[in-house]
Amino acid sequence: MGVRRLRVGVRCGAVVAGAALVLGVLQPAGAAPQQHGRQHGELPLTQYVNPFIGTAVSSTSGYAGNVNPGAQVPFGMVDFGPDTPRTNFNGSGGYLTGADATDGRINFFSLTHLNGPGCPGQGVVGMMPASTPQAVASDTGVPTGVGFQTANESASPGYYSVRLDNKVGVQLTATTRTGMAQFTYPGKDSGYFPWTPGSTPTATWPAPPARCRPTTRR
């Protein structure tokens with residue numbers, strides 16, 4: 001009798017387990033599938049990118065990251081950004097400021113920069129929008145340059161902007177193969193655009209500034 005009771009118990013247990021399995025598989029046609037965990041939308045990670053990281057001289061090592069905050073896209077052909085003064089390979093990305101700097105100076109803006117390798121490779125097609133007639137550099141190759149305040153400067157992935165001390169606003173962006181710029185001048189009679197095809201601050205050819213004529217919109 002004990003054996004028979006054991007067999008009955010096993011059979012009943014199998015029947016109950018089988019019924020539970022069937023009930024778990026056969027759901028009503030209108031029932032929504034069970035979801036596990038919370039569902040999230042796409043998170044734009046670019047909002048956490050700070051292009052200025054590595055552009056300042058470290059207070060501990062005395063070196064910078066040799067990067068440029070200019071506009072670029074992944075695997076792009078241009079890095080459209082500012083070129084600031086430097087005296088050695090420190091800041092060879094084209095941009096260098098002090099860790100707590102509130103102002104600085106931009107020699108010009110150019111389309112090419114190297115980020116990270118520690119060797120210079122920037123300055124192709126240098127340009128500097130100005131409110132007065134001036135060349136990008138002197139006859140001896142010394143950049144004219146314009147001052148700026150760091151509070152008037154901003155950068156995000158694919159975008160760079162600054163308002164220079166000469167009241168000219170600069171906005172730069174980039175695509176895979178090109179760079180685009182928008183310059184905002186303080187007045188219709190104070191718009192000049194000097195540029196040079198040279199590369200690096202010490203190898204520029206002075207170019208006569210082109211007068212920017214305001215467009216008439218109807």
Side-chain angles (χ1 to χ4, degrees), residues 49-59 61-72 78-132 134-138 140-174 179 181-184 192-207 209:
V49 177
N50 181 3
F52 289 107
I53 292 178
T55 60
V57 177
S58 171
S59 58
S61 68
Y63 294 96
N66 298 325
V67 295
N68 194 283
Q72 59 180 319
V78 300
D79 185 337
F80 202 0
D83 292 84
T84 61
R86 61 181 176 83
T87 57
N88 50 40
F89 282 98
N90 203 19
S92 59
Y95 186 96
L96 187 66
T97 60
D100 300 318
T102 58
D103 57 11
R105 192 170 186 81
I106 295 177
N107 287 338
F108 50 80
F109 301 92
S110 64
L111 289 168
T112 60
H113 299 89
L114 292 179
N115 289 281
C119 58
Q122 66 276 344
V124 174
V125 190
M127 61 196 77
M128 174 52 76
S131 56
T132 58
Q134 65 181 47
V136 176
S138 66
T140 58
V142 178
T144 305
V146 177
F148 74 99
Q149 308 298 310
T150 56
N152 297 328
E153 184 184 38
S154 64
S156 59
Y159 177 80
Y160 173 86
S161 70
V162 63
R163 186 172 183 268
L164 301 172
D165 290 348
N166 61 7
K167 310 300 184 183
V168 176
V170 179
Q171 294 176 283
L172 309 177
T173 189
Q182 176 174 297
F183 305 117
T184 305
Y192 296 87
F193 184 67
W195 68 281
T196 172
S199 60
T200 75
T202 58
T204 56
W205 293 279

Side chain to side chain, [X] and [Y], heavy atoms closer than 4.5 Å:
X: Phe148; Y: Val170; value: no
X: Val146; Y: Gln134; value: yes
X: Ile106; Y: Met128; value: yes
X: Met127; Y: Val136; value: no
X: Asn68; Y: Asn115; value: yes

Exercise for the section: Check for a donor-acceptor pair, side chain of Thr173 on one end and backbone N or O of Gly158 on the other, with a separation under 3.5 Å. Expected result: yes
Exercise for the section: State whether the side chain of Thr196 and the backbone N or O of Gly126 hold a donor-acceptor pair below 3.5 Å, judged by distance alone. Expected result: no
Working to the nearest 0.5 angstrom, can you tell me the gap between [X] [atom1] and [Y] [atom2]?
X: Asp79; Y: Thr112; atom1: CG; atom2: OG1; value: 8.0 Å
X: Arg86; Y: Thr97; atom1: CZ; atom2: OG1; value: 14.5 Å
X: Tyr160; Y: Glu153; atom1: OH; atom2: CD; value: 3.5 Å
X: Phe52; Y: Thr150; atom1: CZ; atom2: OG1; value: 8.5 Å
X: Leu111; Y: Phe80; atom1: CG; atom2: CZ; value: 5.0 Å
X: Trp195; Y: Phe108; atom1: CH2; atom2: CZ; value: 13.5 Å

Closest contact, heavy atoms only, [X] versus [Y]:
X: Asn66; Y: Ser92; value: OD1-N, 3.2 Å
X: Pro69; Y: Ala155; value: O-CB, 3.8 Å
X: Gly179; Y: Val78; value: N-CG2, 4.0 Å
X: Tyr159; Y: Ser154; value: CE2-OG, 4.4 Å

